[in-house]
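See below for the structure under consideration.
Values in this document were obtained by computation on a predicted structure and should not be read as measured data. Residue numbering restarts at 1 for every chain, and letters A, B, ... go by the order of the sequence lines.
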Amino acid sequence: MERRTILKAAGASAATLGLAATTGCGGGAGASADGTVTLRYAWWGGEPRTIAIRKTIALFEKKYPKIKIKPEFTDYAAFWEKFQTQASGGNPPDVFQNAVGFLRKYDRRGVLMDLKSQADAGHLNLENFRNGVLANGQVDGKQIGIPVGANTMALVIDRKAFEKAGVEPEFGWTWDEYFDALQTIQDKLRIAGDTGYFGIMYLYDLYLRQNGKAFFTETELGFTEDDLTQWWEDGYKRVRSGLVADPKKIEQVAPKSGLSAGLAASEFTWDNFSIRYEGEGESDYGLAPIPTTNGKDTGQYLGSLMLSAFSGTEHPKEVAQFIDFMVHDPEVGRIMGYDRGILATTEQYEAFAPADETNQGVKAYEEDVAAAGVLGKITPHPSGADVVEAAFLRLGGEVAQGKTKPADAAKALFSEAKAAFAG
Amino acid sequence: MTLVKEAPVRPAGKRSAPPAAGRRGRRRENLAGYLFMSPWIAGFLLLTAGPMIASLYYAFTSYNLFTPPKWVGLDNFTTMFQDPRWQKSVEVTLKYVVVATPLKLLLALGVALLLAQKRRGQGLYRAAFYMPSLIGASVSVGFVWRALFSDDAVVDRTQKVFGLDAGGWIGNPDYVLYALVALSIWQFGAPMVIFLAGLKQVPQELYEAAEVDGAGPLRRFWNITLPMISPVLFFNVLLESIHAFQVFGSAYVVSDTRCGPADATLVYTCYLYQKGFKEAQMGFASAMAWTLVVAVALVTAVLFWSQKKWVHYEEAAK
């Protein structure tokens, strides 16, 4: 053997070693001698989700004995750090959970498979998706994500606190009425009304939509520095006056939420997250409508968690079959419930009848929102949106703590967003 | 302690004493030596030297992990120096180094002085004080720290007894860095052990002579102990400040991975990590890493230069 060849071999084995170390998994997706195919499937989420997904995997493997599924899971933040490293090394999972903030980013990097071709080949059914959510997975005419659930923003309230204060949230209430309600809660119960609304990017997006703008256009930010300065100035004022909970306290109960820790009476978040509060907190929690500007439009849309596939997978057909099973099979719907939002296909939606009050509440809420006819369309976020969201949360926190002036924070967000979109 | 040079008692001739072996034998021995070392050498080349050279190259490129690195010259460095968050991270790190290092060494020396005396059960005390250093770097301790310094937790309640209502350090940007400082001080075991070794080397005659001359304990400490252990002190200052510059784990865990609130615990490596692994700006992160290398080298150089002024080696005294 020539010296070069040896070196090459050493280099290659070292590279494999390195990859194995970063992905925490040796041998990958390959077909074995008996024709069995192994797919890697990755998601983020808590323990209940993992238990449920494992059950659905077992179901799939029973039905397709020639396909084996290898699960990989972490929490949200760790998921994307790991995914980024895997994907850049050409070794991402074959199928993985995805969200709107990451679609363009990884499409631009050539990581995501256009699943239309597999649908055309008959391996994946793109029919029966409810309320047009299938569009959430489309970018530039490509279908790069298949929704597994649909969710929308909501105001989660501490029911007991709202009742005690005698406040009744209703559809179409305005921001002024909302802040008046917080004032009443503060006056009567001596607790803050909200946990820190002005640091939540998706809520600010709704507010902007109510005013004819949006957080993101397809390539950049859809608002001005002045808009944001105003939003944060108002927010900080409300922290000072005690309408919004002390950020120092909120910070310290994490990862628990300020609402379930009893630091405030309400919190804006995605409706399917409301399931967590019952487990975490001591009170009774319910869903209330988003305040509006004009008494009608909430700016809401249906967001989605999706399944995406790696463009370079060795088994595109099996990947498509797997996704098809996961989004259409009624039994899978019964197992998953509303953990990832209201089930996205009619087969699964009809198969699952929520038995507990929280899930019933989520269902009722979404039906109300749909009936109110306020649902708009989602814009696919530009590449870099995930970085902008993190910056928004951080800078909002600095404003709340009184460490950065709203105008300076807004300026910083714009400069960081510019860098993120370019990256 | 290698730094405390002993008087050269060994005759110079004895050093070159290995039995006369043939050239060939020696070469063979070398070969065997390299063979045994090869796993380490391979590991060093592949896992340390290789990545370092690569990162030096990346420092001059724009690299998002997906598209090939693009040469941008000094751009990363110029954007870095103008980046307010980078400036903040430098500020936070310097504050941490300047506060944590001296306090930790002071405590280490103080406890070492106590433990240097002959008492019953001294071994037990030494082990007990050293223990935190063994477990201090673990993530779980970070979580414990978060719990200790949170709102209405142990520290907060203790403070309230004294009428100080801070409301927990973790969520307060003005205090949270000091929770990290406390965590660093708590792990004073390693420098303490080194101080202990140094204290053992101080000749007892010096103390006896000083006592005869009527020197009190403070005077003996100042005029005998301190100069005699100054090489050990130098070693500890060097090592601990380098360590402090690289603090990461505690900041990352105590702040729930966000290096906050309000960037109050945004230590240098934490920002580096965010840039590299969250924002995928590997070029920028590499530039940051090499800037840190240069900065630490400069600090080390200054310390070495200053040692002429305050570190006493025995030879010099003669």
What residue, out of [options], has the most heavy-atom pairs lying under 4.5 Å from chain A?
options                              : answer
B:Thr67, B:Asp263, B:Asp83, B:Asp256 : B:Asp263
B:Gly50, B:Ala280, B:Gly260          : B:Ala280
B:Ser62, B:Pro173, B:Ala42           : B:Pro173
B:Gln281, B:Arg85, B:Gln274          : B:Arg85
B:Thr79, B:Asp174, B:Val176          : B:Asp174

Donor-acceptor pair, A:Gln252 side chain versus B:Asp151 backbone, under 3.5 Å? yes
If you count every heavy atom of other residues, nucleotides or ligands that lies below 6.0 Å from A:Lys248 atom NZ, does the total exceed 12? yes
Is atom CZ of B:Phe277 surrounded by more than 12 heavy atoms (other residues, nucleotides or ligands) closer than 6.0 Å? no
Would you indicate whether the side-chain heavy atoms of A:Lys105 and B:Phe66 approach each other to under 4.5 Å? no
How far does CG of B:Asn64 sit from CD of A:Gln84, to the nearest 0.5 angstrom? 8.5 Å
Here the gap from B:Asn172 atom CG to A:Lys249 atom NZ, rounded to the nearest 0.5 Å, amounts to 11.0 Å
For residues [X] and [Y], report the shortest heavy-atom separation together with the two atoms involved.
X        : Y        : value
A:Glu398 : B:Ala262 : CG-CA, 3.4 Å
B:Gly171 : A:Gln401 : O-NE2, 2.9 Å
A:Ala254 : B:Arg258 : CB-NH2, 4.2 Å

Let's test your reading of the structure: which of A:Gly397, A:Ala87, A:Pro247 forms the most heavy-atom pairs below 4.5 Å with chain B? A:Ala87
Part of A:Tyr106 within contact of chain B (heavy atom distance under 4.5 Å): side chain
Given a strict heavy-atom distance threshold of 4.5 Å, which part of A:Val111 is in contact with chain B: side chain, backbone, both, or neither? side chain
Interface residues of residues 402-421 of chain A facing chain B - non-hydrogen atoms under 4.5 Å apart: A:Lys403, A:Glu416
Measure distances from B:Tyr175 to the heavy atoms of chain A and classify the residue's part below 4.5 Å as side chain, backbone, both or neither. neither
